[in-house]
Each structure stands twice: as C-alpha cells, then as structure tokens.
Novice: 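Following this message is one structure expressed as structure tokens.
Both backbone and side-chain heavy atoms feed into the values below; hydrogens, waters and symmetry mates do not. Below, chain A is the first sequence line, B the second, and so on; all start at residue 1.
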There are 2 protein chains.
Amino acid sequence: MTKPVPPRHGDPGVSTPRRGGRTVTLDVVARLAGVAPATVSRAINQPDMVARKTLERVTQAIADTGYVPNLLAGGLASSRSHLIAAIVPSINNLVYAETIQSFGNRLKACGYQVLLGETGYGQDTEDALVTAVLSRRPDAIFLTGIHHSPQCRRQLLAAGIPVVETWDLTPSPLDLVVGFSHEKVGEAVAAFLHGRGCRRFGIVSSDDPRALVRNKAYARALERHGITGVASGLVHAVSSLELGRKGFADLIGQGFDGGGVFCSSDTLAQGVVTEALARGLRIPEDYAIVGFGDQNFAAHMLPALTTVKIDRAAIGEESANALLARLQNTPLTETVVDVGFTIMPRETA
Amino acid sequence: MTKPVPPRHGDPGVSTPRRGGRTVTLDVVARLAGVAPATVSRAINQPDMVARKTLERVTQAIADTGYVPNLLAGGLASSRSHLIAAIVPSINNLVYAETIQSFGNRLKACGYQVLLGETGYGQDTEDALVTAVLSRRPDAIFLTGIHHSPQCRRQLLAAGIPVVETWDLTPSPLDLVVGFSHEKVGEAVAAFLHGRGCRRFGIVSSDDPRALVRNKAYARALERHGITGVASGLVHAVSSLELGRKGFADLIGQGFDGGGVFCSSDTLAQGVVTEALARGLRIPEDYAIVGFGDQNFAAHMLPALTTVKIDRAAIGEESANALLARLQNTPLTETVVDVGFTIMPRETA
DNA sequence: ATGAAAGCGCTAACAA
DNA sequence: TTGTTAGCGCTTTCAT
C-alpha cells in the first residue's frame, strides 16, 4: 500500500537546514502551538478569523521560535507577492528619490514592499529591467515616463497587473498615469520670462526625453511671440552643478548675450547661477534664470532660484493610491491624474 | 482506485488564470518544446548541461510563449532567491545613492537583484525593516552602520546569510564590514584646520550617529591642542542647504566669532558658505569651512568647498565583492575593509 | 543528456 | 473556529 519513501527534508529529525541554524517553518510554529498550520497562517494574515485564546498561543509560539514567514512560499501559494516594483531612471537623482519615498511610505502602510529598479536612462535597460522585476511577480508596477518599447508594453500587459506611469501625462495610459504636462511647463516658462521682459532666450538642459519636450514647447511658445533662435547648451543625462556651469559657459561661448535661461533641473540652474556669478554677470538684470523641480535648496540659494515647482511627493502618493485602488478593486474615478506645477518667482528671474 | 479529484488549476484546459491572460509556466514551455520541465529549467539555469539542439528548441519555445520565469517558485525550490537586501538610512541622500548604485551594478552582473529598504534614520525601523526584508529570503544583506539592536543581530545571525556592514569600521563585524574610521576623520579635520591656523572651532552637524562620532573625535583632538569649547550648531537628521544656513546662523548667534567649522555633510557646508556669504563674512580668512563627502558639487561651488572625500562607489563595490565571495564560497582574506578617506583642500579652508 | 518524482513553505477551498 | 487536503511553479536528486 505505502510505497517506500526516501527521507525528506520536511521529516522531523531529518531536517537538513541548507544554511545556518534549523529552519523555522509554519509547521514548527503550529506544532509548538498545538494547532494546524493553516491556523498559524490565519493568525498571521487574518487574525480576526482566529479565536483570541488560539491567537495568543500562536503569537507566543512565533515569538519563542523567532519565526519569520517565508514570503516566497506565501507569494507562490497566494499569487500575491506584496511586492510592488518601481522603475526609475536613477536613484542618484533626488528628484525621483522623493517620489519613491512617498510612494513607498504609502504602500508600506498597506503591507507592500517596493522593489526598486534603475534604468540608468536607457531604453534597452528598461526592457530588461521590466522582465527582471516581473519575474518576482510584483502585484503592481510603477514606471517613470510614458514611452516604452512595444515589447515592454506587451510584457506589461501580459503580466496582468496594475501599472502606473508617472512624471508625464497621456490620454491613453497603459493603465494609470500620474504626472503633469511637460509641454505646459515649457509654455508657462516662456510666457513667464517674456513677461519679465526677456527678449533673448536660451536653454541649459540635459538630454532627458521629458526635458526635451519642455524645451520644444518653450521654443515653440516663443516663436508665437516672434522669437526664433533659442540658444542651447545641452549636457548629457546626469545633471550636476558642474555641468550647469559648463552649459552656461557654452551658451556664452555661442554668443548668447543676456536674456532668459530655462534650465532642465535646479541642479543645472545652480551651476548656471554659479558660473554667471563667477563671470561677474548680473542676475536677473542681464540673465534671468529659471530652474525646474524646486528642490529644497532652490529657495535658499544666493540669489534664490526662480523655478518650476513639482509636487514630487504627490506623484508618489497619488500613484500609490491609484495602484492600491486597483488592488483593492475599488472603482477608480480617474485613470489620469494631473498633479500640475507652479512657477515660483524668486530672485533669479 | 482513483478517488475523484476536483479540477485543479494545473490541469490543462481547466487553467484558472487568477489574473490577465493565461499563465505561462515552465510546463507550458516544456510541452511546446517537447521536453520535460526539468530540461527547460536546465536550459535556463545551466545551459551547458543541455544539448545544443534541445537548447534551441527550448529557447524558441520561450520566445514564442513570452515565458517569464517565476522567481518566487524558483527561489522557494532552490532556496536561493537571487535577491540581496540593502538597508540604508535614506534614499533621499545622494551620499548613499552612489554606494547603492555601484553595489547594485556589481551584483546585477552576477544575476542578483537588490531589494532596498529605508530606515529613515530610526533604530526601531531598522529592526522592523530587517524582519521585513528577511521574509523575502535574501541571499545576503547590506547594512549601513555598525550599530544594531540585540534583537536585530540575533535575527541577522539566525538568517544564516552573509552580512556586510558599511560606512563604518569595527574589529568585530557581524560578518563583514566595509567602510572607514569616523574617528580618524574627526581627528584629521581637526589637525587640518589647526594647521591652517584656526584657533577657534565650531561644528555644524546633523545628529546622525556617525557624524556624532566624527564630531567627538574632532573635539577631542582639539583638546590635545589645548582647545576646549567647540561651538556647535546641531540640526536634525536630514541635511539641507537651508539647515546649513540655519546651523551657521545659530553658531554666530552663540557668539562664535571666526574660526574653523566642520560640517557633517557637503550639503550642510554649502548652506554654511551661503549664509556666511550672505552676511558678508570672509571665507576662508575669517571662517574656514570643511565639508564631508566630496559630493559632485563641492569642487564647483563658489568658493570651492574643502571637504573630506569618501569613495562611496568603492564602498558599494567592495561590499558587493565581499558578499559575492561569501556566496561563491571563495575564501576571503579580509573581513574588514578600510576604504579610507582624503581631505581635499580647496578654497573654503 | 534527459526524464520522473518528490518536495520547497505556504495558502485556499472545503469539511467538520 | 479549526483542520484536511491539494496544490502554487519551480529545482533537484536519482534513474535511465
């Protein structure tokens, strides 16, 4: 009847801990508490379904054994990993860090953990990264930007999980989108600088795709004012004070001789201001400088930086809320959330 | 003989995809390729053990189905999650971002993914966070700092995985440690400023524990020079330009009237410089300012910041290497790695 | 080089 | 309220 069975890892006494001390599993806890494994599982995940007396015994057993649930097993069994993936261009950029921070905090409160992936601003990397994180079976995914390769979109769709695209806006998101219009930003800055009396215009920008959209809208808006030929100092991907100085030096080198300068980040703007100061140029009289982001140093620089304020925490929070709604099957009123932006007039423009 | 069995998810035709489209599993790929599941597994994880012909068929089937391996299942079965946890005080601090970035890049090359956890500078949070990440069964763990609660240490030890503590040094690490001596930094800065002729000294610092160690060593070293009474402007946890300005204003408010100022971060130092400039004070003649970190803006500020350079990328890389060695059972020559530091004399001191 | 079978540690019906 | 049972999708001996 019973065919001979080889010794199994699970057998009491034959435990073969592959590492460290003995592995404490649900069953160990269950035995100690004198209940069935399922009861321990319930005690942990749905305590209300367990009698108070039982719950206490289980809790005690957990404490005694130092039991740490194995979420690989749990996730496999329930097909809910309680993991949410977030893909950002770079963690080496405070701008995204703040969004992720508020995103993570909101989700932590609901028992989710964030798995962070960094593309390094590459599109190939995004594809590979998405595949990599999907293999962890996240319950949802956060993306930066709205441009993804067809293969990436296919993969995301096939995963069948809620997706939120962020830091941009589109009428047709993969699923959800939380961000703001980069075109409107470009236009608003153009109008702002023009309103301040600028008649010549320049740009110091990284080659980030969203920055390019802002730049284009800025130039186009200026054309409507009859202004053509926007001088530009492009720098590569990463923003730094140094590159801001270099970018502005380039602009001057091109013969840019006073006017409004729109920078693609506050960091770059800080460099522009520094370089202008180093050259003894007058801000904002001769050079009016506008940053982007309103990072925490902007208001406290000397001179204080005029910039475009983006509510980064709101992007994180709204994204989390939207995903959470999907995960809880709460009906969602809006799949497109515009967090807007504000120009903060200070001393540099 | 065969008792009636209820329909199972696994049964072909009765697949109940809990979400999205049908779930592509190893078995689906195997069937399509006309091989056993185990062979597909091998084709993916140990391609050399599979005949070329077979490999091709499997590869094709994977492409055709868009199969994405389920690492929850894989990890559970093999007890290797290919996940490495990293605990940092804040992702909202570029100083740690760079370390994590190089750490992650090194590990990615070896097929590991990093699971990031943020303590927010709290110790309670560290305990909870460690528990949370351990439930994902990481293959190794990266910690910031060397101070952990007894419970945390116990838990870490019980996990039986390689552990690297970073950003500090201790002769008795939990397992491995990669960092530098904060005491030596404090002493070196004291000597440096004293050597520059400073006779009065101050501090503008966050209340980060490692910063406090530097400050203490700084003060003690100065005592040896017969100097007592180091003025200090403490700010809370997070560093920002604004807090640097405020901290310096405090210092002045306390009657600090010229001398050397050691800041716990470059960001704070940038604030100190800004505030000093705003007050028309002379740097470095009257106020000699030293930062900490040598972030990328330090060298390009006006005036350029004298600071303590820490090779953050090296911390990440060496940590990764050390863990990798453990994971590959490579004998480790050193469990304590000192990456050192360098004072970069520039214009502010 | 490949296949068969037995779990990894947990959750989820279903019964009791 | 609790226990029983059957997997979740993969890896891993062990045979072949």
Side-chain angles (χ1 to χ4, degrees), chain A residues 3-11 14-19 22-31 33-55 57-58 67-82 135-137, chain B residues 3-11 14-19 22-31 33-58 65 67-82 135-137:
Chain A
K3 59 182 175 181
V5 170
R8 316 163 4 176
H9 286 310
D11 280 343
V14 193
S15 80
T16 307
R18 314 200 188 187
R19 19 181 225 202
R22 80 165 88 338
T23 312
V24 180
T25 66
L26 244 202
D27 301 72
V28 173
V29 174
R31 223 165 297 151
V35 298
T39 303
V40 176
S41 176
R42 287 189 198 100
I44 293 172
N45 303 309
Q46 326 163 47
D48 318 316
M49 292 189 51
V50 171
R52 231 171 46 92
K53 227 32 206 303
T54 316
L55 188 59
R57 292 221 313 287
V58 172
Y67 172 62
V68 177
N70 183 333
L71 289 189
L72 295 180
L76 178 58
S78 65
S79 63
R80 266 176 286 104
S81 61
H82 290 280
S135 68
R136 303 276 171 196
R137 295 297 185 268
Chain B
K3 56 180 178 182
V5 170
R8 314 161 6 173
H9 285 311
D11 279 344
V14 192
S15 81
T16 307
R18 315 201 186 183
R19 20 181 226 203
R22 80 168 86 341
T23 312
V24 180
T25 65
L26 243 201
D27 301 71
V28 173
V29 175
R31 223 165 295 152
V35 298
T39 303
V40 177
S41 176
R42 288 189 196 102
I44 293 172
N45 303 310
Q46 327 164 47
D48 318 316
M49 292 191 50
V50 171
R52 232 170 46 91
K53 240 358 215 315
T54 317
L55 188 59
E56 278 168 22
R57 292 222 313 286
V58 172
T65 52
Y67 172 62
V68 177
N70 183 332
L71 289 190
L72 295 180
L76 178 58
S78 65
S79 64
R80 266 175 287 103
S81 61
H82 290 280
S135 68
R136 304 275 172 196
R137 296 298 185 265

Novice: In whole angstroms, how far is the P atom of dT1(D) from the CG atom of Asp48(A)?
Specialist: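 Asp48(A) atom CG is separated from dT1(D) atom P by 10 Å.
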
Novice: From the list dC10(D), dT11(C), dG9(C), which nucleotide is the closest neighbour of the side chain of Ala77(B)?
Specialist: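 Minimum distance to the Ala77(B) side chain belongs to dC10(D).
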
Novice: Of the listed nucleotides (dT12(D), dC10(C), dG3(D)), which one gets closest to any side-chain atom of Ala36(A)?
Specialist: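 Taking heavy atoms from C-beta onward, the closest nucleotide is dG3(D).
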
Novice: Between dC10(C), dC8(D), dA12(C), which nucleotide gets closest to the side-chain atoms of Tyr67(A)?
Specialist: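 Nucleotide nearest to Tyr67(A)'s side chain: dC10(C).
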
Novice: Check whether the side chain of Arg42(B) and the base of dG3(C) form a donor-acceptor pair under 3.5 Å.
Specialist: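 Under the 3.5 Å cut-off, the side chain and the base do form a donor-acceptor pair.
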
Novice: Given Val24(A) and Val68(A), is the side-chain contact (heavy atoms from CB on, under 4.5 Å) satisfied, shown in steps?
Specialist: CA-CA 8 Å; Val24(A) 180; Val68(A) 177; over 6 Å; no

Novice: Do the side-chain N or O atoms of Ser41(A) get closer than 4.0 angstrom to the phosphate oxygens (OP1, OP2) of dT11(C)?
Specialist: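 Answer is yes, contact under 4.0 Å.
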
Novice: With the side chain of Met49(B) defined as its heavy atoms from C-beta on, choose the nearest nucleotide among dT2(C), dC10(D), dT2(D).
Specialist: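 Closest nucleotide among those given: dT2(C).
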
Novice: Which nucleotide wins on minimum distance to the side chain of Leu26(B), given the candidates dC10(C), dT11(D), dG9(D)?
Specialist: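 Output: dT11(D).
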
Novice: What's the closest nucleotide to the Thr54(B) side chain, out of dA1(C), dG9(D), dT11(C)?
Specialist: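 Of the candidates, dA1(C) comes closest.
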
Novice: Out of dT2(D), dT2(C), dC10(C), which nucleotide sits closest to the side chain of Ala51(A)?
Specialist: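 Nearest to the side chain of Ala51(A) among the choices is dT2(D).
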
Novice: For Thr39(A) and dT2(D), is the shortest distance between a side-chain N/O and OP1 or OP2 below 4.0 Å?
Specialist: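 So the side-chain polar atoms of Thr39(A) never come under 4.0 Å of the phosphate oxygens OP1 or OP2 of dT2(D).
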
Novice: Could you check which of dG9(D), dG3(D), dG9(C) has an atom nearest any side-chain atom of Asn70(A)?
Specialist: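 Selected nucleotide: dG9(C).
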
Novice: Val50(A) and side-chain contact (heavy atoms from CB on, under 4.5 Å): which partner among Asn45(A), Leu55(A), Val35(A)?
Specialist: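 The single option meeting the side-chain contact (heavy atoms from CB on, under 4.5 Å) with Val50(A) is Leu55(A).
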
Novice: Spell out, as yes or no, whether a donor-acceptor pair under 3.5 Å connects the side chain of Ser81(A) to the backbone of Arg137(A).
Specialist: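 Indeed, once roles are kept as given, a pair shorter than 3.5 Å links the two residues.
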
Novice: Heavy atoms only: give me the nearest Thr25(A)-Tyr67(A) pair and the separation to one decimal.
Specialist: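 Closest pair (atom of Thr25(A), atom of Tyr67(A), distance): C-CE1, 3.6 Å.
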
Novice: Please tell me which of Gln46(B) and Val35(A) maps to the more 5' nucleotide of DNA chain D, matching each residue to the nucleotide holding its nearest heavy atom.
Specialist: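 Its nearest nucleotide lies further toward 5', so the answer is Val35(A).
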
